[in-house]
Amino acid sequence: MREDRPPPPPSRGGAYSPPPPDQVLENVLEHVLQFLTFRRDRNAAALVCRSWHRAEALTRSELFIGNCYAVAPRRAMERFRRATAVTIKGKPRFADFNLMPPDWGANFTPWVTSMAQCYRALEKLCLKRMFVTDEDLELLASFPSFRELVLICCDGFGTSGLAVVASKCRKLRVLDLIEDEVTDDEIDWISCFPEGETCLESLIFDCVECPIYFEALERLVARSPSLKKLKLNRYVSIVQLYRLMIRAPQLTHLGTGSFSPSEIVAQGDQEPDYSSAFDACRSLVCLSGFREIVPDYLPAIYPVCANLTSLNFYGEACFLCLQVLDTVRDAGLQAVGATCKDLRELRVFPIDAREDSEAPVSDVGLLAISEGCRKLQSILYFCQRMTNAAVIAMSENCPELVVFRLCIMGRHLPDHVTREPMDEGFGAIVKNCKKLTRLATSGLLTDRAFSYIGQYGKLVRTLSVAFAGDSDTGLKYVLEGCPRLQKLEIRDSPFGDSALRSGLYRYYNMRFLWMSSCRLTRRGCKEIAQQMPHLVVEMINGEEEEVKEDYVDTLYMYRSLDGPRADAPSFVTIL
Amino acid sequence: MSNLLVEDLRGIELSLGLPGGGSEAETTVKVTGKRGFSETVDLKLNFQQIQSAVDLNEKMKSPTKEKDPAKPPAKAQVVGWPPVRSFRKNIMSQKSTTVEADKTTSGGAAFVKVCMDGAPYLRKVDLKMYKSYQQFSDALAKMFSSFTMGNYGTQGMIDFMNESKLMDLLNSSDYVPTYEDKDGDWMLVGDVPWEMFVESCKRLRIMKGSEAIGLAPRAMEKCKSRC
């Protein structure tokens, strides 16, 4: 209802009088705006005029908060009164790699407290990198229509909180726990789902490092006829997996748990027929897990997909997203390149994530992928050795690339054949991949690489830089050249105050800037803070009281409508 | 096929080895973005050890471009590099970041688990947040709303010396709190002065009075021997 509008004039003698024209317009507008789903479109619509702003605010059902400190909960909820789905992101991504002390913030409590008053009808919640307590979960569970909870890279809660959610959310359809830190409170949360049929459609808990009571899980799966996605943790053995698959042949997404037997199967014992179990799951399109993989059991999944070493495709199965460890080696990637012609997304992780480990994948594998998977859109690739030639080849063979993240694990490593910096390779990526929005660099890079990024990376929104560049000029190229830049995270690179200053006019248009172990001084950061009142400039010190040589350990800077936060811990100084 | 967005394609995916982006490899356990401190770097690294951060201040001063093409021997590991998300953070930070954000307690917190018979979930409380049994009892009552504290008398402690009063309490259907102390014994809460209780309590269980009867004689004995 539009509380802020004057009431329509009373009709005379009971005759029908049409609503005033501007109210008609607003009715129409609201109906039309319902169809706008993309955030960017909605934001644009809201800027047209006051009545559009109002109508858009009333019709926005999905609220996205990219930085939990950019706006106070109350303000957001008072503008968008009818949102039923909320996404909130908290800590910056580098916090995942221990670059930020714990207890930095991103507390969910103030948000859920406001939601308890403003968003009682909340249905869906997605949180990423937030600190969520059991009490928060308990409050959330009291919302009567709540049905979907997705927590990604969150911490602060335990199985106690999960138990409350399971027992009190009667309409729960989705409970997805993805890469969270979950404390083991020794509670059997799986048993806390109420008896009787559930409406569960997705249950993902592969990150929960707590044993579960399997019989309870089996019973739960048996009474969840709508369950399509199930991702188990490593406490579920392959035998138990089999029993679950038998119960739920309608699964489309399966995370297989440990995929190894919990006890040794004696010779001659009748092992369950894994092959036919996988075969029975006709709708399976997504398979992941294999935490403690026993290769002997891999053939069981042939009916659904292929074992990488032998690559036998069964029926119509083909891969669009592939995520592997580098143990597949260059040869494995060559096989992928040869057969997965429709591959869109590839991630290759290191089994041994240390700088000077012997990584079995290299430029050879990257080249093979680029030659075979021409439709590639997103790649994350960890390696020890790389060449400009391979990266250039990928830029030419895969013009659809939107995300290019290359991590040469040795810091400052040049092209291992030519000994040149990796400038030309990354330059080719930004030049040839016209749709590129996300880029992560590595290896030996000079300022030239950044000049390429500034010159060609016109659509880049997210840029990650580590151990790269020569001088302030490098960062200046990027800040001056990339108009769409939203998220910039830099570590251990020689960029200083002068470069920081050069981006002054950009920072209100960015979500955040992270710079750690660079050459910023406190004075330089303070200057920025003074000139930009709507920027929150946080100096995060690794060691609480010490400031070494006036260099700033970590600068984390973001725009905010509501000024500096009140919950900053002692090691954070807000300038 | 070519019109599919990457987002749509998450459904048709295969992951072999590790879910999500995590890695089981031993990345650094240190959670601070420390640099420039005095931990020495032992070049004869045992690679199984937890990694330690390098003195990055030194690194900053030296030229950033390494002209030397040869791979340096046994490099010390750097915090957060390579950027693989460690699946297990520091256990300490996990356990300690539970309650309200402003932690000004000196000497650390004293978190104990509290479970109540019949409740589906347990709680954690920081005993150092309370100054007396009465405060603690009020807090517990709020947490477990059906919980009723027995008759605790004026000091907030069960009158252990009065056997008949004790037996009345335990025979009632009220709940009484019990705790496991350092010796592993289960005791009735309230038998010792508050400060001593905070030091010795390992975990709490709130059970029906009638069930706690078995504890009473032992509790009284222990109490007598302490006084």
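Basis for what follows: all heavy atoms, side chains included, without hydrogens, waters or symmetry-related copies. Numbers restart at 1 for each chain; the letters A, B, ... are given by sequence-line order, proteins then strands.
- For A:Arg374, the CZ atom sits in a packed shell: over 12 heavy atoms of surrounding residues, nucleotides or ligands are nearer than 6.0 Å.
- Considering all non-hydrogen atoms of both residues, A:Asn98 and B:Val79 come closest at O-CG1, 3.6 Å.
- For A:Ile408, the part lying near chain B is the backbone, with the side chain staying farther off; criterion is any non-hydrogen pair under 4.5 Å.
- Smallest separation of non-hydrogen atoms from B:Gly80 and A:Arg491: O-NH1, 3.1 Å.
- Here the SG atom belonging to A:Cys407 is positioned 4.0 Å from the CH2 atom belonging to B:Trp81, to the nearest 0.5 angstrom.
- Inter-residue side-chain proximity for B:Pro83 and A:Phe94 is flagged as unmet; no heavy-atom pair is nearer than 4.5 Å.
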